[in-house]
Amino acid sequence: MTTMKAVVLHGREDLRIDDVPVPTPGPGQVLLRNGYAGICGSDLHAVWAPEALGLSHDTPHPVTGATLPQVLGHEFSGTVAALGEGVDSVHMGDDCAVFGQYSCGDCVACRAQRPNACPFISFHGIASDGGGMAEYTVVDAHRLHVLPEGIDLKLGALVEPMTVAWHAVSRAEYPENASALIVGAGPIGIGLYFALKARGVTRVLVSEPSAERRELIASFGATVVDPINDSLEAAVHLLTDGEGVSVAFDAAGVGPAIEGALASLAPTGRLVVVALHERPFAVGGLSLVRAELDVVGAMGYLQHEYDEVIEAMRAGAYVTDGWVETVSLAETEDAMKRLRGGNGAKILVSARSCDAVDEPATARAALA
């Protein structure tokens, strides 16, 4: 049987490079020759706290039926290598980004056309049959978004995380001539900055304690502030002529980020929480009521937002230079440890960096 290399999670802190069978697409499905897969904070949770994502050996995921072991990689791109029966929406050789979100279809959120808020949400490469950190995977054809000319597979792998940020900006409901504060300049914070600029929001302040991350996002044109050694309040005052920002985004995931963001808002402003918090945080006080502030969450994305991000990419709103690096499949665990230690920005795993795979005949024919 033809095999491939894959990054497989077997349990807590048990990540391996395994030889696994190359999957075969069924009706309505596509075999994708994976290009790149981003390492996300969710991947770190999966490795060091799999139970937090509902991953176990014994309890199948309620939507996908998946159990450990699990091929990782939910932020990924690839090339169509084989078509299952009845597929005509994509063609052999198409480069694609993958919408990998799974939801139940029956809950209150799903019935309201908000499947990203489904309590049983999961993703291809977190709890599924396969993932992007492998040389091949099989996905339903309707999950593929063909990348236009000029968007390569590296940028294509960023569509998923950049759509997380794009959706958060959609939740902001900011006024014309808005001003914005982003707290945290990691990959999602960078995505928020790109999304705001693409939508015409030019007054953007980024609060980030890491000098390396401040320097990076400043290189894209952002105004930055060190909230530890400098005054966030003074920086907001300067940006907004003392009015406060229209909208703030928590992309840091720590309590002080919430506190600083709320204090920076203008009356009737909105805080969008897009970061995942490991600990409870306080929201409110009298100012929340008196200023009629809104606090909303932003989870995942809707499928049509993939197309919006891809169009913004085509228009030049996103770049990879200076903040995206690539590693091989074999280097994935070391890269995850670096990110967990707070080092690096965005790391993509190249699924084509191994020579051991024997490509299926259909894939060879498609990519010759």
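None of the values given here were measured: they were computed from a predicted structure.
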task = Using a strict 4.0 Å threshold on nitrogen-to-oxygen distance, state whether Lys5 and Asp19 make a salt bridge.
result = yes
message = Can you tell whether the side chains of Arg270 and Glu173 come within less than 4.0 Å, N to carboxylate O?
response = yes
message = What I want to check is whether the side chains of His142 and Ser89 have a donor and an acceptor closer together than 3.5 Å.
response = no
ask   = Would you find more than 12 non-hydrogen atoms of other residues, nucleotides or ligands less than 6.0 Å from Glu212 atom CD?
value = no
ask   = At their closest point, which heavy atom of Asn34 faces which heavy atom of Ala134, and how far apart are they?
value = ND2-O, 2.8 Å
query = For Val295, which fellow cluster members are found when Ile, Leu, Val, Met, Phe, Trp and Tyr are connected by side-chain heavy-atom distances below 4.5 angstrom, either directly or through intermediates?
reply = Leu181, Val183, Leu205, Val225, Leu232, Val236, Leu239, Val245, Ile258, Leu262, Leu265, Leu271, Val273, Phe281, Val283, Leu288, Leu293
query = Where is the tightest heavy-atom contact between Met336 and Val47, given as atom of each residue plus distance?
reply = SD-CG2, 3.7 Å
query = Is there a donor-acceptor contact under 3.5 Å linking the side chains of Glu233 and His237?
reply = no
key: Greater than 12 external heavy atoms within 6.0 Å of Gln303's CD   = yes
message = Other residues, nucleotides and ligands only: do more than 12 of their heavy atoms fall within 6.0 Å of CG on Asp14?
response = yes
message = So that I can tick it off, tell me whether Arg12 and Glu51 are bridged by a salt bridge, with the cut-off set at under 4.0 angstrom between side-chain N and carboxylate O.
response = yes
ask   = Do the side-chain N and O atoms of Ser207 and Arg214 include a donor-acceptor pair separated by under 3.5 angstrom?
value = no
query = Is it true that a side-chain atom of Arg114 and a backbone atom of Leu302 form a donor plus acceptor pair closer than 3.5 Å?
reply = no
key: Distance-only donor-acceptor check, side chains His124 and Asp129, under 3.5 Å   = no
inquiry  = Quick one about Ser328 and Glu331 (side-chain donor to acceptor, distance below 3.5 Å, no hydrogens or angles considered), yes or no?
reply    = yes
request  = Taking atom CD of Glu215 as the centre, report whether more than 12 heavy atoms of other residues, nucleotides or ligands fall under 6.0 Å from it.
outcome  = no
query = Checking Tyr306 side chain against Val98 main chain: does a donor-acceptor pair fall under 3.5 Å?
reply = yes
message = Check whether Arg338 reaches the backbone of Asn343 with its side chain - one donor and one acceptor, N or O, closer than 3.5 Å.
response = no
ask   = Cluster question for you: counting only ILVMFWY and a side-chain heavy-atom cut-off of under 4.5 Å, with indirect links fine, are Val274 and Val254 together?
value = no
message = Would you call the rings of Tyr301 and Phe123 parallel, tilted or perpendicular, taking 30° and 60° as the class edges?
response = perpendicular
message = Can you tell whether the side chains of Lys346 and Glu75 come within less than 4.0 Å, N to carboxylate O?
response = yes
